[in-house]
Amino acid sequence: MSDLRIQKRRGVYVIQDYDNGRKQVRDTKNKKLTFSNKTDAKAAIKELEALELKGAVKLGARHKFKDKFKEFADDRFATASDANRALTKQGVRGYLSYSKNHIAKWFPDIYLDELDGMVLNEFAETCLKNNVTYKTVKNIVRHIHTTCRWFMEKKYHNDFSSALNWKMHKQHHLKPIDRDDEREIRTEVITPEEANKVLSYVEKHKNRSVKDATAYAIFTLLALFGLRPSEIQGLKKSNFNFVDRYVWIKGAYLGREGGYRNRTKNDDSKRTLDFTANQSKHLQWIMDYMTKYKEHNPYLLPASRLGQDGQHKPIAQFEMRKIIYATYEAVGLAKLNWFRKSNTKQYEIIECRFKNGPAKCWRHYMATMLIDNMYTLGLTPNYIKSRLGHSRWQTTQDRYGNHNLIGTDEMRLERADKVEKALGFNK
């Protein structure tokens, strides 16, 4: 219990917290509490002591929300900067960004014990009025919930039940009119016709140059395994077993996080993927070409030069995206504006259906086709989720099971015909 005492200053009575350096107790708006008589001051002390006893306030060590949110962000970023930790900088950058660009601007200047659902509602409304997207506000609230749990662990305050129970998706008065503004940007899925067009092009030109061979390698890996870009970068020649025909996905390359990590997105992303004898021919060609190109570089897709630290590196993500978009442009799936900046060839996307996921569209295609044909092919949910590197089948269904326009026109019409027969409307 805090040691609260009444003092008379300049004709009014104030309350001082002797456990906190005799600091004057303030109200919820950070204004000093003053009273015209001692009776009212004593009544205020009793009220404050009752609130402190319940854990509603912690007078001796009250903390401002904005300060502690930034402290959490800085703490996580410092942890992510340690190469020996699993936490990545990319995973915590959101806290720093939200702290600087949103919370510092529009979050009320309150103490932790004043944080509740009404405060979050007010903050969300303010953000939306300032043209912050619904999806961004939803993410900020999710980040705030995470910090609340950390605040309790650090014993800054012990009750955030009101704030934690306030869920953005349940606030119907805040939802946008356009439902698309409420959802994450959906990844476009490449069609079989488009995929075949790309694969035919890279197959035809694979011997033309190193970049063409790299394009062939990238799209072959995307088509066969639906790998994430960081997993493609992290592939080493030693990951391939051509005798037993499998590739071991055991790590990822994260350039901004310090390089190769013997760690994937989650524990189940570390997996082995089988390939057929026919697929083995394509992979063997890639292996032979890249080994001849950079014999001593352990990565399957090597960088053209050593890194500044003198170490071998894989192809950079920017270079990979550049090759992907150049291929799309070559087969008519993209319109680009190429230019030179800082002595580097760069591009601007004028038009491309896959701009929100130029590599991800292949992963979504493979996943959706596996899900749609799992019973026909005799595949189990466990096999499909394992091939995609997911821990839970529900994750696979939620992320990839909502693309109902996948496949050729014939496939879609065939499905429609089956639905008609099932409903009995084909008479």
Side-chain angles (χ1 to χ4, degrees), residues 20 26 28-30 55 57-58 60-171 174 184-185 228 230 252-259 261 263-267 317:
N20 194 22
R26 299 170 180 265
T28 57
K29 295 182 179 179
N30 202 30
V57 298
K58 193 174 181 180
R62 295 182 85 194
H63 305 285
K64 287 294 187 71
F65 173 81
K66 291 182 181 181
D67 295 338
K68 291 305 171 184
F69 187 94
K70 188 174 184 306
E71 179 185 317
F72 175 86
D74 291 338
D75 175 82
R76 284 296 183 267
F77 195 78
T79 302
S81 299
D82 185 347
N84 297 315
R85 300 294 184 92
L87 196 63
T88 64
K89 294 178 184 176
Q90 187 63 33
V92 299
R93 279 195 178 93
Y95 290 98
L96 293 171
S97 174
Y98 296 148
S99 176
K100 177 182 177 182
N101 299 318
H102 302 89
I103 289 175
K105 291 180 181 179
W106 298 307
F107 207 89
D109 189 23
I110 62 170
Y111 290 98
L112 293 184
D113 53 69
E114 299 172 297
L115 179 62
D116 58 20
M118 294 303 294
V119 170
L120 292 181
N121 189 83
E122 177 190 345
F123 171 66
E125 288 182 332
T126 303
C127 286
L128 293 172
K129 287 177 183 177
N130 284 277
N131 299 318
V132 181
T133 67
Y134 179 90
K135 288 172 283 192
T136 298
V137 179
K138 187 177 179 180
N139 282 333
I140 298 173
V141 172
R142 180 168 54 84
H143 282 56
I144 290 174
H145 284 168
T146 301
T147 60
C148 285
R149 299 182 185 95
W150 186 75
F151 297 152
M152 288 190 285
E153 290 176 8
K154 302 289 284 188
K155 296 185 178 180
Y156 291 149
H157 184 60
N158 64 353
D159 183 13
F160 293 101
S161 56
S162 177
L164 290 171
N165 287 329
W166 192 91
K167 309 290 186 181
M168 187 78 174
H169 69 275
K170 294 182 179 180
Q171 312 307 314
L174 297 179
E184 291 183 11
I185 297 175
R228 304 175 178 101
S230 60
Y253 192 90
L254 304 171
R256 293 182 178 181
E257 312 296 338
R261 291 195 172 202
R263 190 180 191 90
T264 48
K265 191 170 184 179
N266 58 64
D267 289 342
Q317 279 217 14

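All of these numbers come straight from a predicted model, not from anything done at the bench.
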Visitor: Judged by atom type as modelled, is there a donor-acceptor pair below 3.5 Å linking the side chain of N130 to the main-chain atoms of V132?
Guide: no
Visitor: Rounded to the nearest 0.5 Å, what separates atom CG in D116 from atom CG in N165?
Guide: 11.5 Å
Visitor: Should F107 and T126 be marked as a side-chain contact (heavy atoms from CB on, under 4.5 Å) after you check the CA-CA gap, both sets of side-chain angles, and the distance that decides it?
Guide: CA-CA 8 Å; F107 207 89; T126 303; over 6 Å; no
Visitor: Within a 6.0 Å radius of atom NZ on K70, are there more than 12 heavy atoms belonging to other residues, nucleotides or ligands?
Guide: no
Visitor: Do K64 and Y111 have side chains that get closer than 4.5 Å, going by heavy atoms?
Guide: yes
Visitor: Could you tell me if the side chain of Y134 sits less than 4.5 Å from the side chain of M168, heavy atoms only?
Guide: yes
Visitor: As a test of understanding, state which of Y98, F65, Y95 forms a side-chain contact (heavy atoms from CB on, under 4.5 Å) with I144.
Guide: F65
Visitor: Considering only heavy atoms from C-beta outward, does the side chain of D74 approach that of L96 to under 4.5 Å?
Guide: yes
Visitor: Check L174 against E125 and note the closest heavy-atom contact, atom names and distance.
Guide: CD2-CG, 3.5 Å
Visitor: Heavy atoms, side chains only, cut-off 4.5 Å: are T147 and R76 in contact?
Guide: no
Visitor: Identify the heavy atoms of S162 and G117 that sit nearest to each other, and give their distance.
Guide: OG-N, 2.9 Å
Visitor: Tell me whether H145 contacts the main-chain N or O of A163 through its side chain, where contact means a donor paired with an acceptor under 3.5 Å.
Guide: yes
Visitor: Nearest 0.5 Å, please: how far is CG in D67 from CZ in F72?
Guide: 15.5 Å
Visitor: Starting at SG of C148, measure out to NE2 of H143 and round the result to the nearest 0.5 Å.
Guide: 13.0 Å
Visitor: Going by the angle between their ring planes, with limits at 30° and 60°, are W150 and Y156 parallel, tilted or perpendicular?
Guide: perpendicular
Visitor: I need the L115 CG to L120 CG distance, nearest 0.5 Å.
Guide: 5.5 Å
Visitor: When you compare the side chain of Q171 with that of W166, does any pair of heavy atoms fall below 4.5 Å?
Guide: yes
Visitor: Is it true that N101 and S97 share a donor-acceptor pair across their side chains at a distance under 3.5 Å?
Guide: yes
Visitor: Got S230 and Q317 here, is their nearest side-chain heavy-atom distance under 4.5 Å?
Guide: yes
Visitor: Mind listing the closest non-hydrogen atom pair of F123 and H102 along with its distance?
Guide: CE1-O, 3.9 Å
Visitor: Using 0.5 Å steps for rounding, measure from the OG atom of S161 to the CE atom of M152.
Guide: 8.5 Å
Visitor: State the CG-NZ distance between L112 and K154, to the nearest 0.5 angstrom.
Guide: 13.0 Å
Visitor: Go through it in stages, so that I can follow the logic: the residues are E114 and V119, the test is side-chain contact (heavy atoms from CB on, under 4.5 Å), and I'd like the CA-CA distance, side-chain angles, deciding distance and then a yes or no.
Guide: CA-CA 8 Å; E114 299 172 297; V119 170; 5.7 Å; no
Visitor: Inspect the surroundings of NZ in K100 and state if more than 12 heavy atoms from other residues, nucleotides or ligands are less than 6.0 Å away.
Guide: no
